[in-house]
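One structure is given here, and the rest of the page talks about it.
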Number of protein chains: 2
Amino acid sequence: MKFAKIPMATIVRLSIYMRTLQELLEEDIEVISSERLAKQCGVNPAQIRKDLAYFGEFGVRGVGYRVNDLVNQIKDILGLNRPWNLAMVGLGNLGSALIRHGNFIKHGYVFTAAFDADPQKIGKRLPNGLVINHVSELEEVVREREVHVGIIATPANDAQSVANQLVLAGINGILNFAPVQIQVPDCCHVENVDFTIKLDSIAYHLSFGS
Amino acid sequence: MKFAKIPMATIVRLSIYMRTLQELLEEDIEVISSERLAKQCGVNPAQIRKDLAYFGEFGVRGVGYRVNDLVNQIKDILGLNRPWNLAMVGLGNLGSALIRHGNFIKHGYVFTAAFDADPQKIGKRLPNGLVINHVSELEEVVREREVHVGIIATPANDAQSVANQLVLAGINGILNFAPVQIQVPDCCHVENVDFTIKLDSIAYHLSFGS
DNA sequence: CTAACTATGTGATATTATTCACATCTCAGC
DNA sequence: GCTGAGATGTGAATAATATCACATAGTTAG
């Protein structure tokens, strides 16, 4: 499936295209041109064609792209035509909200484990039926339930230690909500979600035009 | 403060440098070289120096950067040496968790308004003392309380309509947590936080190495 | 005061990413 | 079946970004 060295930015855009295409599908739009799709995604039409060209030819010249087909093809490209199991670590405000949040399920991600360090929370049942485990059981439970991706929603101070444990448990993908740069071996891929950094960008733009 | 055309990526990195520097400060480290800082932030040392060079000379040759000074200088660069008022729109799981989340306050952001469409929630008082207003009052309240940045944490379907109202109320910065591409006039700067897109990237990496 | 050392700031270079522009292919209508 | 309109796929051109490499300047020790 993967031929050359693919820009990371391309992968991110493919996700965005997919989201937009899924919306179009709900509006019963069957075919779309790169031009119209580009407009909706806020990118250049050639960009879309280039991004897709890394992986093959998915369009029909003179016509455009069949929305339904393209969604499935992007899913293949990204490896989304299979289930991915998630573990949430840290069930404070943010972790609890995320685990309740419908978007993960909507896109085929399933929580199969949840951890916290607070003894008060251990054994409690979450709305989705999951029981909270103590973080000391992380390695065992992660292996047992075949978790693929760990989500860190702990305070900043605990993030690195949790990351270490996840790596030890054989996890190769981490989504990190803690506002620190965590260090992991090369085999593990980390994506950071830090909304205060995004706010800083906004502050900069508001302060100095753009 | 701003001289040439600054890459967006530079602005994002400046935020990251600042976060790391603030940690160093708590460890009583007073001076740091671009090399050591780069390692902690996971970037190239020359990158740091170039990023800073856009805005002036902040280091001491042969020595490095004074951590405390650099934090303040980056704050100046980003426009963070002043308060920024936020409005949360949408107080479901995510919105409620975010408004409780300590990181905004820690970095000088203050919620001065909160909105929801659910009549049941109107008038309720949040832990930080804010009373929830109905979204129909958005324009009025936003102007009254001098909100600078709107945060959208509504379902995807409502996001565009909320964005329109925020723009109408004179807002120029939006942090969008809804998983849709919202369309706004050029005067308004939007940053998106979509964690399922990040998960997609992780899925891709896990599927096809990298 | 001088010399050795160290880390910045920056021009030159290399790399990567985006956009353009057009040849190529498909479909619809006659 | 042929023709014209329309949209893809892609090599070439451009733009943006990151890295290298070194001259420069500050610091410290003798």
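Note that the structure is a prediction, hence the values are computed from the model and not measured. Naming convention: chains lettered A, B, ... in sequence-line order (proteins, then strands); numbering from 1 in each chain.
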> Atom CD of Glu57(A) to atom P of dA23(C): distance rounded to whole Å?
Replying inline: 18 Å

> Which class fits the ring pair His205(A) and His189(B): parallel under 30°, tilted 30 to 60°, perpendicular over 60°?
Replying inline: parallel

> Side chain of Lys50(B), base of dT10(C): donor and acceptor closer than 3.5 Å?
Replying inline: no

> Of all the nucleotides listed (dA16(D), dA7(D), dT10(D)), which has the minimum atom distance to the side chain of Ser33(A)?
Replying inline: dA7(D)

>> Between P on dA17(C) and CD1 on Ile11(A), what's the gap in Å once rounded to a whole number?
In response: 11 Å

>> Counting only side-chain heavy atoms from C-beta out, which of dA21(D), dT18(C), dC20(C) sits nearest to Ala9(A)?
In response: dT18(C)

>> Checking side-chain polar atoms at under 3.5 Å, does Asn85(A) have a donor or acceptor matched by the opposite partner on Thr112(A)?
In response: no

What N/O pairs connect the protein and nucleotides 25-30 of chain D at under 3.5 Å? Give each pair on its own line.
unit_1, atom_1, unit_2, atom_2, d
dG26(D), O4', Arg61(B), O, 3.4

>> Angle between ring planes, Phe104(A) versus Phe195(B), binned at 30° and 60°: parallel, tilted or perpendicular?
In response: parallel

>> If you count every heavy atom of other residues, nucleotides or ligands that lies below 6.0 Å from Ile105(A) atom CD1, does the total exceed 12?
In response: no

> What is the distance from CZ of Phe58(B) to P of dA7(C), rounded to the nearest Å?
Replying inline: 20 Å

> Looking for any heavy atom pair under 4.0 Å, which part of the strands does Arg13(B) touch: base, sugar-phosphate only, or nothing?
Replying inline: sugar-phosphate

> Which whole-number value in Å describes the distance from Ile32(B) CD1 to dT6(C) C1'?
Replying inline: 15 Å

Extract all donor-acceptor atom pairs below 3.5 Å that involve side chains of residues 61-72 of chain A and protein atoms in other chains or at least two apart in sequence.
unit_1, atom_1, unit_2, atom_2, d
Asn72(A), ND2, Asn68(A), O, 3.4

>> Measuring to OP1 and OP2 of dT19(C), would you say a side-chain N or O of Gln47(A) lies under 4.0 angstrom away?
In response: yes

> When you check the side-chain N and O atoms of Ser207(A) and Arg82(B), is any donor under 3.5 Å from an acceptor?
Replying inline: no

> Taking CZ from Phe55(B) and C1' from dG9(C), how many angstroms apart are they, rounded to a whole number?
Replying inline: 15 Å

>> Can you see whether Tyr17(B) engages Asp51(B) through a side-chain donor-acceptor pair at a distance of less than 3.5 angstrom?
In response: yes

> Roughly, in whole Å, what's the span from CG in Asp51(A) to P in dT19(C)?
Replying inline: 10 Å

> Rounded to whole angstroms, how far apart are CG on Asn44(A) and P on dG9(D)?
Replying inline: 15 Å

> Base, sugar-phosphate, or nothing for Ser34(A), non-hydrogen atoms under 4.0 angstrom?
Replying inline: sugar-phosphate

> Rounded to the Å, how far apart are Met8(B) CE and dT18(C) P?
Replying inline: 15 Å

>> By nearest atom, which of the nucleotides dT17(D), dG9(C), dT10(D) is closest to the Arg49(A) side chain?
In response: dT10(D)

> Are any of Tyr54(B)'s side-chain N or O atoms less than 4.0 Å away from OP1 or OP2 of dA18(D)?
Replying inline: no

